[in-house]
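By convention in this document, chain letters (A, B, ...) are assigned in the order of the sequence lines, proteins followed by strands, and residues within each chain are numbered from 1. In this text the structure is predicted, and so the values were computed from the model without any measurement.
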2 protein chains.
Amino acid sequence: MTAERTATLDDVAKAAGVSRATASRVVTGQGPASRHARDRVAAAVAALGYVPDAAARALVTRTGTRLAIAVIGHTAAVLDDPYVGRVLTTAAHVAAEREVGVSLHWLPLNDPGSLARLADGRGLGGLVVVNPTRPALETVPRNLRGRVVAIGVGARDVPSFDVDNRAGTEGVVRHLVRTGRRRIAMVTGPAWLPCGDRAVEAYRQVLHDSGGEPRVVPGDFTAVRGARAAAEIMARWPDTDAVFALSDLTALGVLDGLHALGVQVPGDVAVAGFDDIAFAGLSRPALTTSTHPVEEIATAAAQAVLDRHNTGRATFFPSRLVVRDSA
Amino acid sequence: MTAERTATLDDVAKAAGVSRATASRVVTGQGPASRHARDRVAAAVAALGYVPDAAARALVTRTGTRLAIAVIGHTAAVLDDPYVGRVLTTAAHVAAEREVGVSLHWLPLNDPGSLARLADGRGLGGLVVVNPTRPALETVPRNLRGRVVAIGVGARDVPSFDVDNRAGTEGVVRHLVRTGRRRIAMVTGPAWLPCGDRAVEAYRQVLHDSGGEPRVVPGDFTAVRGARAAAEIMARWPDTDAVFALSDLTALGVLDGLHALGVQVPGDVAVAGFDDIAFAGLSRPALTTSTHPVEEIATAAAQAVLDRHNTGRATFFPSRLVVRDSA
DNA sequence: CCCACACATGAGAGCGCTTCCACCGCAATA
DNA sequence: TATTGCGGTGGAAGCGCTCTCATGTGTGGG
């Protein structure tokens, strides 16, 4: 019997000379217990290094209190972007405050069913899906309905939290127009990310209003793609006088690409981004952009799902124009 | 009995007309099962939308197959740094490949006991601790021994994975010396992070060898702190001709602070960082730095803990000098 | 002095699952 | 025909915990 076994509640009860029921009451803090029993159990817990088994507890309480965060779209692009990391850490922080565990799920883009699979259901308190596609959201299992929120685009029964892409884009493009730019190109996000559509729409609208022709180049939120986009844009439309990228990372890439081409920023071409990441203010020229309150969004999403506060369809967080040197 | 209840294995067995034991065998794929039984159970599973209860399964199998990632030191600094996000996403990716879940834990710096608490033990397959302190590592519960690795500094029974801070720092500082700099200042990482010690040592050593006096200013890996550090350095030692920061983020801040002071980089003062983050190549002037193979490190750590491959004390990943424009 | 009423306690059921074990039938071998 | 072997199967135990319920054990009021 010298086998190294982790202590169970029974061991604690035996050591403390009480029943398992009493030990449980003391450990969980639920129900009455005499001073004497409390002390003895506490001592036993300390002596044995007892840690409650989460699985056993979850099994009986059925109170799945764990926040799952699923990130859709597993590409290197997502990895490089500080965005996902910030969402993760923020949500984890909110969860930690409420002493609920967080589980992380990294889902491929082309396998919507994986969302259903991760829901080993009853253990889950809620689910935050980052950057979902609508089809993926349709596969959320029924036992999770009402406990799922999306960061990005939502769906039926799935409220969404996102930055106001439309207004943010409008703000930036209007600023470009206001400062005399007319031949404004745009580098979008990845095509599969539906929330970028609103931004493209807004861009087209403002351009239409100001008599410009849309010049849209597809992007993927990476800096490398931004540099290539810059070359592409200047080749196709040499008279371009401004580039708006739907991501600061891409905008910084554009800056780099333009620099390589010998194009002056903002002299020849103005450049603006979106997100206001930490580095936006550190580039030379410092990047003009519009804020993306990631922490606020992630906090709201995590709270909503944790508080079962599933009201409303979609919440858009305001984006604020930050004018620096590049535009 | 119209109550909306999630299906259990019993329900499946009943619907398929087999015993629970057989249903379990089919679902888990363990043990023999006739073709006929397999088909019927599979049909029942599909019809009922059955999803196994992870808690119940974990309770009986005792095979905690879940990778826990604990990040120590919950400060805004950690949040802004892309480092943690990259570690997280990489580790989660490794775990996903092996179809094991990942749980995320955000631990305060001053409560080492929290590490013990998160180990609701038996549900855990392994634990990766990011940026631990030695005291925190001492509190790892015994039932987890041999299944814990550290990214950063390690401890007894806890192998560590980290970049070779010493060699990396040597490389950078030697480069500065080689290019004629002699009055080289260093901005360190946060004091509680023990893995920075080796870097400071290396810096002192190289300076000693080249006849320079150490000029150490404490940092915290943030850009803001870097800007302030630049001002501090130029005030205390106006003849400084190079600044080495133990983090690119800080180095970019130094660049910014120097710019504000009207100091030319690299003309008056050379600046070098450490990490080679995505933005290092995008700053103006582009940052000279030394690589920090975060993805490699996180992958190795996750694999080690998942494979129970607990050999060796510490693995240092080589850092490669990247010379750009700032030094 | 006895009953009512708190409070503290322990026995035991049961959460949903895996897995040991005994069992059954059937083909292959002696 | 009697014996072995084996794939397939169901009964039942039990993982570690929570929680209901019945049973003490002490207090104060009638």
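Protein atom CZ of R57(A) is 18 Å distant from nucleotide atom P of dG16(C), rounded to whole Å. As rounded to whole Å, 6 Å separates atom P of dT18(C) from atom CG of L9(B). Taking atom CG of residue D53(B) and atom P of nucleotide dT18(C), one finds them 10 Å apart after rounding to whole Å. Between D11(A) atom CG and dC17(D) atom P the separation is 9 Å, expressed in whole Å. The distance from atom CG of D10(A) to atom P of dA11(C) is 11 Å, rounded to the nearest whole Å. As a whole-Å value, the separation of H36(B) NE2 from dG10(D) P is 11 Å. Computed from coordinates, the L59(B) CG to dC15(C) C1' distance equals 9 Å when rounded to whole Å. Distance Q30(B) CD to dG8(D) P: 15 Å, rounded to the nearest Å.
The heavy-atom pair separating L306(A) from A95(A) by the smallest distance is CD2-CA, 4.2 Å.
With hydrogens and angles ignored, the 3.5 Å screen pairs a side-chain donor or acceptor of R40(B) with a backbone N or O of A16(B). Checking side-chain atoms of S24(A) against main-chain N and O of R20(A) turns up no donor-acceptor pair under 3.5 Å. Under the 3.5 Å distance criterion, the side-chain polar atoms of T22(B) are left unmatched by any main-chain donor or acceptor of V18(B). Remark: side-chain polar atoms of R38(A) are not paired, donor with acceptor, to backbone N or O of V26(A) under 3.5 angstrom.
Proximity of S34(A) to the phosphate of dT9(C): a side-chain N or O atom is located under 4.0 Å from OP1 or OP2.
DNA chain D lies under 4.0 Å from at least one heavy atom of each of the following residues of residues 18-27 of chain A: R20(A), A21(A), S24(A), R25(A).
When each of dT9(D), dT18(C), dC17(C) is scored by its nearest atom to the side-chain atoms of A56(B), the top-ranked nucleotide is dC17(C). The side chain of A33(B) sits closest to dT9(D) out of dG16(C), dT18(D), dT9(D). Taking the side chain of T61(A) as heavy atoms from C-beta on, and the options dC15(C), dT18(C), dT18(D), the nearest nucleotide is dT18(D).
R35(A) and D39(A) are joined by a salt bridge, as a carboxylate oxygen and a charged side-chain nitrogen come within less than 4.0 angstrom of each other.
When ring centroids are compared, H292(A) and Y83(A) come within the 6.0 Å threshold.
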